[in-house]
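These notes concern the structure reproduced below.
Below, chain A is the first sequence line, B the second, and so on; all start at residue 1.
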Number of protein chains: 2
Amino acid sequence: MTADPAARRGIPDATVARLPEYLRALSSLAGQGIGSVSSEELAAASGVRSAKLRKDLSHLGSYGVRGVGYDVDLLAAEISRELGLTQDRSVAIIGMGNLGRALAAYSGFVTKGFRIVALVDDDPAVVGDTVAGITVRALDDLDRLAAEGLSIGVITTPAHSAQLVCDRLVTAGVHAILNFAPCVLAVPDEVDVRKVDLSTELQILAFHEQRKALASGLGLEEVAP
Amino acid sequence: MTADPAARRGIPDATVARLPEYLRALSSLAGQGIGSVSSEELAAASGVRSAKLRKDLSHLGSYGVRGVGYDVDLLAAEISRELGLTQDRSVAIIGMGNLGRALAAYSGFVTKGFRIVALVDDDPAVVGDTVAGITVRALDDLDRLAAEGLSIGVITTPAHSAQLVCDRLVTAGVHAILNFAPCVLAVPDEVDVRKVDLSTELQILAFHEQRKALASGLGLEEVAP
DNA sequence: AGGTCTTTGTGAACGTGCGCACAAAGTCGC
DNA sequence: GCGACTTTGTGCGCACGTTCACAAAGACCT
C-alpha cells in the first residue's frame, strides 16, 4: 500500500517551510529567462546547502535530470502544486490598524495565489471605510464570509482582542490563522496557527548581538602572545 | 574551567527563540499582580509543555524554588538580562513604504528595550517627511548613524533594493538585520540576518490546508461500517 | 557505440531537540 | 522537628533534521 510514486504522506515540516523560498528563487530565475538550474545554483539562490535542497526536493518526487539539473518551470509548477497554490485561497485581514492596512495594501502575495476577500474591524468608525480598494466590514460579517469559502484569517488586532477574533474565526469554520498579535492563541487541534512577531525577532537578534559582544570583550580572546 | 554557575556558553537556538514568549507571558502575569508561577502555569500561558519550559529555563540557571515555582519578577529580569535587553538597542528602519511606516508607528517594541533612532528612505520625495514623529533621512546618512551606535537594521524595502541596503548596513558596521523583503541576503559570517515573510507563512498554511483537505476527501476516511 | 563527465538521489553518520518519568529539594501542616 | 506533598531540574530514549560521501543515471563528445 501507498505505492504512491511521489512517496507522499509526509513531507517534513522543515522541508515545507523552505519550499516557498525555493519557489521564489525559481520565479526569479524564470524571470531572467533561465530554463534550467543545478541544485548548487538553486541552493545558492535560496540560501541553503545543495545537499539539503536535493533532499528536500526528493520528498516530492524525482523531477531532476542527472547530469543536467532541474527544469525551472517544471519544478516551480511541482512545488506550487505541492503547496496547494494551484487553487486560489481567499484571505481575510482582521484589524485595520497600521499593520493591517499595510498588509492590505501589500501586493506581493496577491500574485502567489492568495486573494484578499475581506477587511474587517470592530470599530464602527472604521467600518465602511475603503482601504486598498476594499470596504471594511464589521466583525459580525465573519460568519457570512466563512460560508463563502474563506480559507485563511490574518489577525492584526491588538493582543487583547486577538483571542476573541480567533474564536470567531474558528467558530465560522476557518482552519488556518496567521497571527500578528503578540499573544498565544488557544485553538482546537484541527486549526493551524502560525505566529509572526517582530518584537520576538528583535529580541532574538539582541541575544546574538550580546553573545558576540561578550565573546569578543572578555573570556574568549586569545592569550597574549 | 567554565565553572560558570549558569553553565552558559551555549543556550540552544530553539530555547532562545522561546525566551521572548516566556518574557511576554511573565509581563502579562506581573501586570495582573501575580508574583509566582509554576512551570505548568507559565507553560500554558506560553503555549508549550511544562517539561520543555523547565528544560529551557534550566539552561540559564536555577531560578525556581522546588515545591513553589518561579518568582515572576526575578525570572523576567533574568530572561531580560540573558536576551541582552538590559541595555537599550537602537533600531533603524530602511524603506518607508506601507510596511516601514506601520512598523515605525508600532509602539509595541519600544517598551521592550528597543528604540527607533532613524527612518531611512532612498526616495528624495520622502526624505525630510515626518513619520511617527521622526524625520526620514537619506540613505547616505547610514554611516553616520552606525557611528552613533546603531545596533539593528530593519529592511522594509522592495526586494530589488534589499541587497544594496544590506550591503550599506554591513559596511557601516551593523551586525544584526531583520529582513522583511522577500529575498535572501548575502552577508559575512559575523552578521546575523533574520527573515520575516508573510507570503511564506501563507504558503505554509496553504500546504497544511490542502493536506487536511486531501486527507478527509480521499484515501484516509474510515472503512464503511 | 562507448567512454567520460556531470549532477542527481540517497544511505549512513551525526547532532539537535523533545518528552517522559523520576529523583532531589524545598514548603507546609501538625 | 518530622512527615507528606508539591514542584523543580535532569538523565535517558526517541524522533527529527542536517551533512557527508558515493553510487546510479543520464548527457555529451568523439
Side-chain angles (χ1 to χ4, degrees), chain A residues 4-19 21-22 25-26 29 34-72 74-76 78-79 82 189 204 207-208, chain B residues 4-19 21-22 25-26 29 34-72 74-76 78-79 82 189 204 207-208:
Chain A
D4 207 49
R8 209 151 291 111
R9 301 290 154 258
I11 297 179
D13 285 348
T15 294
V16 173
R18 284 186 292 266
L19 290 181
E21 190 62 54
Y22 302 153
L26 287 167
L29 290 169
I34 298 172
S36 177
V37 276
S38 68
S39 64
E40 204 69 53
E41 294 164 338
L42 184 54
S46 307
V48 301
R49 299 280 182 188
S50 62
K52 193 190 285 191
L53 172 78
R54 288 199 300 275
K55 180 148 288 190
D56 282 344
L57 295 184
S58 75
H59 285 115
L60 29 117
S62 198
Y63 295 102
V65 179
R66 297 176 191 228
V68 176
Y70 300 89
D71 181 277
V72 171
L74 174 65
L75 186 56
E78 201 51 43
I79 293 178
E82 198 64 51
D189 288 344
I204 295 171
F207 170 83
H208 290 294
Chain B
D4 207 51
R8 209 153 291 110
R9 302 288 157 260
I11 297 179
D13 285 346
T15 295
V16 173
R18 285 186 292 267
L19 290 180
E21 191 61 58
Y22 302 152
L26 287 168
L29 290 169
I34 298 173
S36 178
V37 275
S38 68
S39 64
E40 205 69 53
E41 294 164 338
L42 184 55
S46 307
V48 301
R49 300 282 181 188
S50 61
K52 195 191 287 193
L53 172 79
R54 289 199 298 276
K55 183 154 290 190
D56 282 343
L57 295 184
S58 75
H59 286 115
L60 26 121
S62 200
Y63 296 103
V65 179
R66 297 175 190 229
V68 177
Y70 300 90
D71 182 277
V72 171
L74 174 65
L75 186 56
E78 201 51 43
I79 293 177
E82 198 64 50
D189 287 345
I204 295 171
F207 170 83
H208 290 293

| query | How would you list, by chain and number, every residue that makes a side chain to side chain donor-acceptor pair (under 3.5 Å) with B:Ser39, sequence neighbours excluded? | reply | B:Arg54

Minimal non-hydrogen separation, [X] against [Y], with atom names:
| X | Y | value |
| --- | --- | --- |
| A:Leu74 | A:Asp71 | N-OD1, 2.8 Å |
| A:Leu60 | A:Glu82 | CB-OE1, 4.0 Å |
| B:Glu21 | B:Ser46 | CG-O, 3.7 Å |

| Nucleotide-resolved protein contact map, nucleotides 25-30 of chain D, B/S/- at heavy-atom distance under 4.0 Å | BSS---

| message | Could you tell me if the side chain of A:Val72 sits less than 4.5 Å from the side chain of A:Leu42, heavy atoms only? | response | no

| Would a 4.5 Å heavy-atom cut-off, applied to side chains only, mark A:Val48 and A:Tyr22 as touching? | yes

| In chain order, what residues pass the side-chain contact (heavy atoms from CB on, under 4.5 Å) check against B:Ala76, with sequence neighbours excluded? | B:Leu23, B:Leu26

| Which residues pass the side-chain contact (heavy atoms from CB on, under 4.5 Å) test with A:Val68, sequence neighbours left out? | A:Ser36, A:Val65

| Would B:Lys52 and B:Arg18 count as a side-chain contact (heavy atoms from CB on, under 4.5 Å) if you check the C-alpha gap in whole Å, the side-chain angles of each, and the deciding distance to 0.1 Å? | CA-CA 10 Å; B:Lys52 195 191 287 193; B:Arg18 285 186 292 267; 3.5 Å; yes

Check nucleotides 20-22 of chain D for protein N or O atoms closer than 3.5 Å to its own N or O atoms and list the pairs.
none

| First and last nucleotide of DNA chain C in contact with chain B, 5' to 3', at under 4.0 Å to a heavy atom: what are they? | C:dG17 to C:dT27

| field | Of B:Ser39 and A:Arg18, the one whose closest DNA chain D nucleotide lies more 5' | value | B:Ser39

| request: Please round to the nearest 0.5 Å and tell me the distance separating atom CZ of A:Phe207 and atom CG of B:Asp13. | output: 8.0 Å

| Rounded to whole angstrom units, what separation is found between the CG atom of B:Asp13 and the C1' atom of D:dC16? | 16 Å

